[in-house]
Amino acid sequence: MRISKLFSKTTREIPADADTTGHQLAVRAGLINQAAAGIYTYLPLGWRALQKIEAIFRDEMDKAGGLELHMPVLSPNEWWAKSGRDVTMGDVLFHVFDRRERKLTMGPTHEEVITTLAARYIQSYRDMPLMLYQIQTKFRDEPRPRAGLIRAREFSMKDAYSFDVDAAGLDVAYKNMRQAYINIFKRCGLEAIPVEADSGAIGGKDSEEFMVITEAGEDEIIFCPACNYSANAEKAVSVKEKVADGKPLPVEEISTPGMKTIEELADFLKIPHSATIKAVFYIADKQFVFGVIRGDLAVNEVKLKNQLKCADLRMATEEEVKAQGIVAGSASPLGLKGIKIIADDSVTSGVNFVAGGNKPDTHLKNVNYPRDFKADIVADIALAQAGDKCAKCSGALTSKRGIEAAHIFKLGTVYSEKFGATFIDEKGASHPIVMGCYGFGPSRLLGAALEQCNDDKGIIWPLAIAPYQVYLCPLYREGSKVDEVADKLYADLQTAGIEVLLDDRSESAGVKFNDADLIGLPFRITVSPRTLEKDGVEFKARTEKEASVIPLKEIVAKLKLTIVV
RNA sequence: CGGGGUGUAGCGCAGUUGGUUUAGCGCGCAGCGUUUGGGACGCUGAGGUCGGAGGUUCAAAUCCUCUCACCCCGACCA
């Protein structure tokens with residue numbers, strides 16, 4: 001490709017609305033152009049990179065025994081009513097209405113469509129195991145699109161679905177996909193780790209996310225360097241150490257004028273935060289919930305939501321708290337009636353806690369569970385944090401940020417039951433199909449790659465996903481043989497199967513080199529009178545600082561060896 | 001949803017106590033010339049319904065009302 005014919009333009013200025021490094025580079029190098037919030041055009045360079053990524057996906061899916069198909073973007077809204085996701089994913093769904101005012105849902109993912117297909121085509125145990133996948137544009141009306149391709153409303157997704165007769169079959173499919181995903185990251189040249197995850201709105205049981213490690217990531221990952229335990233902070237567990245031992249003492253009322261927060265209270269009484277119990281208030285599907293947790297811990301709302309089995313969870317407003325007759329700042333679960341109480345298991349990890357007195361400026365000493373109060377649910381609803389002890393090996397947990405590029409789930413029979421997707425076994429008995437689903441976003445992977453692979457000059461493409469492999473850069477062309485040599489090299493490289501971007505513009509060396517670094521192709525070849533004097537060209541890898549002169553005769557073979565393996 | 005911010009040329013910005021009657025600057029773009037190993041220089045030129053609608057006024061990019069779009073932060077507080 002000749003740059004003079006390329007449709008896009010690099011810019012020196014940092015785009016005003018791009019916040020992360022990767023997003024800025026994507027715009028500056030001319031990979032993408034924004035149409036609306038979270039909606040982008042892929043310009044030729046960006047599109048080539050995306051297609052390379054998708055080709056790797058296809059290859060790995062096919063190797064893993066997947067069969068590619070292509071489902072429609074639009075599907076009847078009734079299917080979404082059937083699964084219940086017209087409600088649970090309600091705000092995120094894009095809809096269109098046809099000429100008869102029939103409501104169609106634009107696919108945010110395709111469990112409903114594929115399970116409908118499975119119900120039609122899978123009849124016998126002989127039809128399984130089966131793995132279907134597609135690569136398709138998905139639509140999600142995200143509350144807050146972010147960081148360019150990282151969180152978009154229209155994006156590319158590879159979604160695969162496995163169909164098996166039983167849990168053992170699903171295990172095989174799941175492990176198979178997990179390995180395929182590891183292969184994909186490796187081939188794309190990215191550092192990523194699988195972490196335990198919450199399964200969220202998709203439903204199902206076991207699930208893992210694949211995180212691309214970068215500061216620009218939206219997710220916090222908790223992991224243990226000692227035993228390799230790693231989990232999304234939404235899901236992570238840690239040891240809640242016993243903070244106090246001893247005999248439960250009688251409850252005692254104490255005056256705590258003006259003390260409303262745990263911070264104030266602990267300072268005032270000169271006790272650690274962990275010697276207190278704090279109360280938090282939520283509305284779970286319109287029901288008021290009183291949450292209790294040790295003062296030094298924070299509530300993990302994802303865990304809380306899962307425990308409460310609710311669709312919607314939010315913090316209660318001050319008015320709602322008041323309406324329950326609760327004294328904010330001095331609330332405690334003691335003596336509460338008619339309110340659902342959920343306690344983190346940390347309240348069982350000590351004795352003689354300080355808790356609210358349910359009267360202004362009053363707290364209670366020596367509160368003990370279960371002697372003084374009872375909870376409807378006692379479970380782990382705490383947020384694990386860096387510094388906590390690992391639940392598996394008691395090493396110290398640390399945290400990193402990452403971008404969730406892929407997510408795999410064991411769905412089980414959640415969808416097959418709702419959609420009547422059943423099969424007949426050897427004995428003629430009918431069972432729901434056991435499903436798994438495996439999502440992986442090529443466009444998000446591209447965004448993540450840009451976040452991870454760059455320096456202060458620009459992008460540093462991993463070879464496998466670079467839009468072109470070589471940046472061919474002729475300098476001082478007039479009155480020399482540079483053009484002649486560069487044109488021949490351009491042709492020879494392409495004949496050798498190497499993808500070349502030829503900078504045929506009449507720009508100065510500085511402009512060309514800076515653009516070469518910004519666009520970040522893996523290799524740069526400079527042809528100039530200076531190099532031709534030595535009958536050679538200059539070769540530089542984007543990852544290296546230094547360039548070297550290679551004899552003209554050898555350059556094609558050298559590149560071929562490096563690139564076309 | 002809540003909070004904050006920004007909309008002026010393709011991009012980045014200035015101009016906003018209303019008034020030098022044709023709205024500026026840099027980059028980019030077009031033409032000519034001189035240049036050329038890390039974002040060269042000179043001259044000339046094209047490009048704007050100042051996000052949109054309504055209003056106030058002799059006069060609005062500038063003031064008022066409404067509206068739209070985009071960006072950021074928060075979805076941890078008893």
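Because the structure is predicted, anything quoted here is derived from the model rather than measured. Order of the sequence lines fixes the chain letters, A, B, ..., with proteins taken first and strands second; residue numbering starts at 1 for each chain.
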- Task: For A/Q452 and A/T214, test the side chains for any donor-to-acceptor distance below 3.5 angstrom and give the result as yes or no.
- Result: no

- Message: If I take atom CG in residue A/D515 and atom C1' in nucleotide B/C11, what distance separates them, rounded to the nearest angstrom?
- Response: 14 Å

For nucleotides 74-76 of chain B, list the nitrogen or oxygen atoms of the protein found under 3.5 Å from its nitrogen or oxygen atoms, one pair per line.
residue	atom	partner	partner atom	Å
B/C76	OP2	A/E301	OE2	3.4
B/C76	N3	A/V299	O	2.9
B/C76	N4	A/V299	O	3.2

- Note on the structure: Among the nucleotides B/C70, B/G37, B/G39, whichever has the atom closest to the side chain of A/D17 is B/C70

- Item | Atom pair distance, as rounded to whole Å: CD in A/E142 and P in B/C71 | 13 Å

- Note on the structure: Applying the 3.5 Å cut-off to both distances, the Watson-Crick or G-U partner of B/C1 turns out to be B/G74

- Message: Counting the atoms with a prime plus P, OP1 and OP2 as sugar-phosphate, which does A/A16 contact under 4.0 Å by heavy atoms, base, sugar-phosphate, or nothing?
- Response: sugar-phosphate

- Query: Which nucleotide, in any strand shown, forms a Watson-Crick or G-U wobble pair with B/G18, with both distances under 3.5 Å?
  - Reply: none

- Message: Is there a side-chain contact between A/S528 and the phosphate of B/G37, meaning an N or O under 4.0 Å from OP1 or OP2?
- Response: no

- Message: Can you confirm whether the side chains of A/T105 and A/N77 place a donor and an acceptor under 3.5 Å from each other?
- Response: yes

- With heavy atoms under 4.0 Å as the rule, sort A/A18 into base, sugar-phosphate or nothing. nothing

- Task: Please determine, by modelled atom types, if A/T41 and A/N33 share a side-chain donor-acceptor pair under 3.5 angstrom.
- Result: no

- Task: Identify, between A/H363 and A/Y40, the residue whose nearest nucleotide on RNA chain B lies closer to the 5' end.
- Result: A/Y40

- Message: Pick the closest RNA chain B nucleotide for A/K512 and for A/F281 by heavy atoms, then say which residue is nearer the 5' end.
- Response: A/K512

- Task: Check whether any side-chain heavy atom of A/P467 lies under 4.5 Å from a side-chain heavy atom of A/L521, and answer yes or no.
- Result: yes

- Query: Without hydrogens or angle criteria, can the side chains of A/T137 and A/E154 be said to hold a donor-acceptor pair below 3.5 Å?
  - Reply: no

- Message: Output the rounded distance in Å from CG (A/L31) to P (B/C11).
- Response: 17 Å

- What nucleic acid atoms does A/N514 come within less than 4.0 Å of, heavy atoms only: base, sugar-phosphate, or nothing? base

- Check each residue of residues 529-547 of chain A for a non-hydrogen atom within less than 4.0 Å of any atom in RNA chain B, then write out the ones that pass by number, or none. A/R530, A/T531, A/E538

- Is it the case that A/K540 places NZ or CZ above or below the six-membered ring of A/F523, under 6.0 angstrom from the centre and within 45 degrees of the axis? no

- Taking atom types as they are modelled, is there a donor-acceptor pair under 3.5 Å from the base of B/G39 to the side chain of A/E507? no

- Task: Using a strict 4.0 Å threshold on nitrogen-to-oxygen distance, state whether A/K457 and A/D455 make a salt bridge.
- Result: no

- Query: Under 4.0 Å between a side-chain N/O of A/Q34 and OP1 or OP2 of B/A69, yes or no?
  - Reply: no

- Task: Choose from B/C29, B/C70, B/G12 the nucleotide whose nearest atom is closest to any side-chain atom of A/E13.
- Result: B/G12

- Taking every heavy atom of A/H407 against every heavy atom of A/S207, the minimum-distance pair comes out as NE2-OG, 3.0 Å

- Using Watson-Crick or G-U wobble geometry with both distances below 3.5 Å, tell me the partner of B/C43, or none. B/G31

- Think A/R153 forms a cation-pi with A/F94, using NZ or CZ under 6.0 Å from the six-ring centre and within 45 degrees of its axis? no

- Query: Should the heavy atoms of other residues, nucleotides or ligands under 6.0 Å from CZ of A/F7 be counted, would the total exceed 12?
  - Reply: no

- Message: With hydrogens left out and only the distance checked, is there a donor-acceptor pair under 3.5 Å joining A/R524's side chain and the base of B/G38?
- Response: yes

- Side chains of A/R444 and A/V212: closer than 4.5 Å at any heavy-atom pair? no

- Determine: side-chain N/O of A/R12 to OP1/OP2 of B/C11, distance under 4.0 Å, yes or no. no

- B/C25: pairing nucleotide in any strand, Watson-Crick or G-U under 3.5 angstrom: B/G12

- Item | Pairing partner of B/C66 (Watson-Crick or G-U wobble, both distances under 3.5 Å) | B/G52

- Take atom C1' in B/G18 and the same atom in B/G55, then report the distance between them in whole Å. 15 Å

